[in-house]
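Heads up: the structure comes next, in structure tokens.
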Amino acid sequence: IGVFQMMEKKNDPVQSVLNGQPQRNMTFSMRGTYGFKDRYFIEGNFGYNGSERFADGERWGFFPAGGVSWIVSNEPFMQKASNWLSYLKVRASYRQVGNDAIGNEPRFAYLPSLGKRGSYRDPEPYGGMLEQYHVYYYANDNIKWEIAETVNFGLEGRLYNGLVEFNLDAFQEIRHNVLGYRQTIPSVAGVEYAPLDNIGKGRTRGIEFSGKVQHAFNNNFWMILNGNITYSRSSYLEIDEAVNKPEYQRMKGQESSQAIGYIAEGLFRDQAEIDNSPTQGGNVMPGDIRYRDLNGDGKITEDDQCMISKYGSVPRLQYGFGGTVNYKKFDFGIFFSGSALRSILINGLDPFLEGNRIPNKNVLKFIADNHWSVDNPNPNAEYPRLGLTTGDIGNNTVNSTYWLRNGSFLRLKNLEIGYKIPYGRIYVSGANLLRFSPFDLWDPELSSWNSYPLQRTVNVGLQLNF
């Protein structure tokens, strides 16, 4: 099978001359499959893609993919195991996927982008005001497609005529040519802005498992239990970093989801402790967060930031499990979902701030109950000194271990109990009924404290069949 596509997208309304130019892509793809004796299968395909965003020499990309599978249970030598091994399939696949969605700006990476930067007076006598332009994106003819290269190995099986079913996958994805800004260009080069280039390389490895157990004990009693779990880990293989960056801040080989910040050492007790501690920028007062001076230079700067957790806001482990049981006229269904190996940073709450463009914020209960104050000079208070301006509390708003929390949770996602009646069924169901988590300030599944909450609902229903 072969397919040719040409796509054109127009922006409406048109906001500039460049924005008014249609965006164009072309794709030619083919796919073929072959099976032999209902045991051996092979599939191959490719895409030959063109994008307007790259220079002539890099505009087209070839992205192949393929897979093989073997149904082991259909082999003659496996027939002796057919009484317990109903189905077994081994498979492997490889694919490359190209990505030209490398950000909205610059649209054409091989062309420089110019923009206004204020104005100045013509030095000539009686000279007027002249507009000043500068280059804010440098042209790069060598920028090319980002490529995601994925390898997957899988195993599928059924045991005892479907009593047990399982699916296991192990995968690795390596992203090549990841677009980023150069960080190692010296200032003497005269480059005003860091240029874009394909400088990054990342890797994600993981494993997925899903399984099901189902059995009918008799015509009036049957059950289905199922579950799934996914674990993945991403890291930087190549990244352009400043040459003077401390070793403990280097990202190469480290987790890409890690949380970066300062190591907090409690709150300042009094002015004497502030005077005898490394210098911290801003208006530091008793009740502010005290940070560790990692490089020992006597002052707290960005060089004292480090990895404070190898887990970021995206959970590394996600899972779910549940089941359905039917006994005579009763049925019962339940499902749990959860995630683990995830961190939450709770800084940015900042109640009582004043000024333009600062939204009013509610005071969360834990802040009201246990913040540092003259009446509560607790160096281990849950919240530091309060303030009215960003300059007043700027020392306390940066990422640090003081704000770091465990974002793992387990949620009772769905629960339903039903009873069959003549011509129908009555039931009671609920969603988001319970949550178990070490984090109790707000729902850890939400992206932030002020996100719209998940609703806890309970329904009573009647289903009629005529």
Please confirm whether the backbone N or O of I300 pairs with a side-chain atom of D293, one donor and one acceptor, at under 3.5 Å?
-> no
Taking all heavy atoms of R290 and all of S277, pick out the closest pair and write down the distance.
-> CD-OG, 3.8 Å
Around atom CZ of R233, are there more than 12 heavy atoms of other residues, nucleotides or ligands at under 6.0 Å?
-> no
Taken to the nearest 0.5 Å, the spacing of S373 OG from N378 CG works out to 9.5 Å
Is E241 paired with K252 through a side-chain N to carboxylate O contact shorter than 4.0 Å?
-> no
N399 and N347: side-chain donor and acceptor closer than 3.5 Å?
-> yes
So, does R456 use its side chain to make a donor-acceptor pair with the main chain of L433 at under 3.5 Å?
-> yes
Taking C-beta and beyond as the side chain, do N140 and L196 meet within less than 4.5 Å on heavy atoms?
-> no
Is the closest side-chain heavy-atom distance between Y319 and Y231 below 4.5 Å?
-> no
For L446 and S451 the tightest heavy-atom approach is CD1-O, 3.9 Å
Mind checking the CD1-CD spacing from I260 to Q254? Nearest 0.5 Å is all I need.
-> 8.5 Å
Give a yes or no answer on whether the side chain of S437 reaches the backbone of S408 with a donor-acceptor pair at less than 3.5 Å.
-> yes
Take atom CD of E302 as the centre, draw a 6.0 Å sphere, and report whether it contains more than 12 heavy atoms from other residues, nucleotides or ligands.
-> no
Give a yes or no on whether the backbone of Y291 and the side-chain of Q280 come within a donor-acceptor separation of less than 3.5 Å.
-> yes
Kindly assign one of parallel, tilted or perpendicular to the pair W442 and F439, based on the angle between their ring planes and the thresholds 30° and 60°.
-> perpendicular
Run the side-chain contact (heavy atoms from CB on, under 4.5 Å) check on T390 and T397 step by step: do they pass?
-> CA-CA 9 Å; T390 54; T397 59; over 6 Å; no
Test log, rule side-chain contact (heavy atoms from CB on, under 4.5 Å), inputs S29 and N45 = CA-CA 7 Å; S29 59; N45 60 74; over 6 Å; no
Side-chain (R53) to main-chain (R107) donor-acceptor, under 3.5 angstrom | yes
What heavy-atom pair brings E273 and R269 nearest, and what distance separates the two atoms?
-> OE1-N, 2.6 Å
Of E149, R203, R205, the one forming a side-chain hydrogen bond (donor to acceptor under 3.5 Å, both in side chains) with Q172 is R205
E58 vs W145 side-chain heavy atoms within contact, under 4.5 Å = no
Are R342 and V314 side-chain neighbours, meaning at least one heavy-atom pair lies under 4.5 Å?
-> no
To the nearest 0.5 Å, tell me how far I289 CD1 sits from F268 CZ.
-> 10.0 Å
Indicate yes or no: at least one non-hydrogen side-chain atom of R91 is less than 4.5 angstrom from one of D169.
-> yes
Does some side-chain heavy atom of F171 sit less than 4.5 Å from a side-chain heavy atom of T204?
-> yes
Of all the heavy-atom pairs spanning L345 and S400, show the shortest one and how long it is.
-> CD2-O, 3.7 Å
Here the gap from Y40 atom OH to S69 atom OG, rounded to the nearest 0.5 Å, amounts to 11.5 Å
Under 3.5 Å, is there a donor-acceptor pair between the side chain of D392 and the main chain of N283?
-> no
Roughly how far apart are W60 CH2 and S51 OG, rounded to 0.5 Å?
-> 10.0 Å
Exceeds 12 heavy-atom contacts within 6.0 angstrom, atom NZ of K245 = yes
Validation row: I143, L179 side chains within 4.5 angstrom (heavy atoms) = yes
Has R405 got more than 12 heavy atoms of other residues, nucleotides or ligands less than 6.0 Å from its CZ?
-> yes
Test side-chain contact (heavy atoms from CB on, under 4.5 Å) on Y87 and E165 and set out the steps.
-> CA-CA 9 Å; Y87 181 80; E165 297 182 10; over 6 Å; no
Any chance you could lay out the side-chain contact (heavy atoms from CB on, under 4.5 Å) test for E208 and N228, step after step, and finish with the verdict?
-> CA-CA 7 Å; E208 296 180 350; N228 62 82; over 6 Å; no
Near F153 CZ, under 6.0 Å, is it more than 12 heavy atoms from other residues, nucleotides or ligands?
-> no
Say whether, by atom type as modelled, one donor and one acceptor occur between the side chain of T150 and the main chain of R95 under 3.5 angstrom.
-> no
So does E445 pair up with R435, basic N to acidic O under 4.0 Å?
-> no
Give a yes or no on whether the backbone of Q249 and the side-chain of Q305 come within a donor-acceptor separation of less than 3.5 Å.
-> no
Got a salt bridge between K299 and D304, using NZ or NE/NH1/NH2 to carboxylate O under 4.0 Å?
-> no
Correct closest heavy-atom pair for P315 and A340 would be CB-O, 3.7 Å
Which residue pairs pass the ring pair (Phe, Tyr, Trp, His ring centres under 6.0 Å) test with at least one member in residues 378-413, sequence neighbours excluded?
-> Y383-W403
CG on L412 to CZ on F335, rounded to 0.5 Å | 10.5 Å
Taking the side chain from Q258 and the backbone from M251, do they hold a donor-acceptor pair closer than 3.5 Å?
-> no
Please work out which of the three classes, parallel, tilted or perpendicular, describes the rings of Y181 and Y137, given edges at 30° and 60°.
-> parallel
Any donor-acceptor N/O pair, Y248 side chain to D303 backbone, under 3.5 Å | yes
Identify which one of T230, I229, N167, L168 satisfies the side-chain contact (heavy atoms from CB on, under 4.5 Å) criterion when paired with S210.
-> N167
Locate the shortest heavy-atom distance separating N432 from Q455; write the atom from each residue and the value.
-> ND2-O, 2.9 Å
Ring centroid separation for F321 and F336, is it under 6.0 angstrom?
-> yes
Check whether any side-chain heavy atom of I42 lies under 4.5 Å from a side-chain heavy atom of V68, and answer yes or no.
-> yes
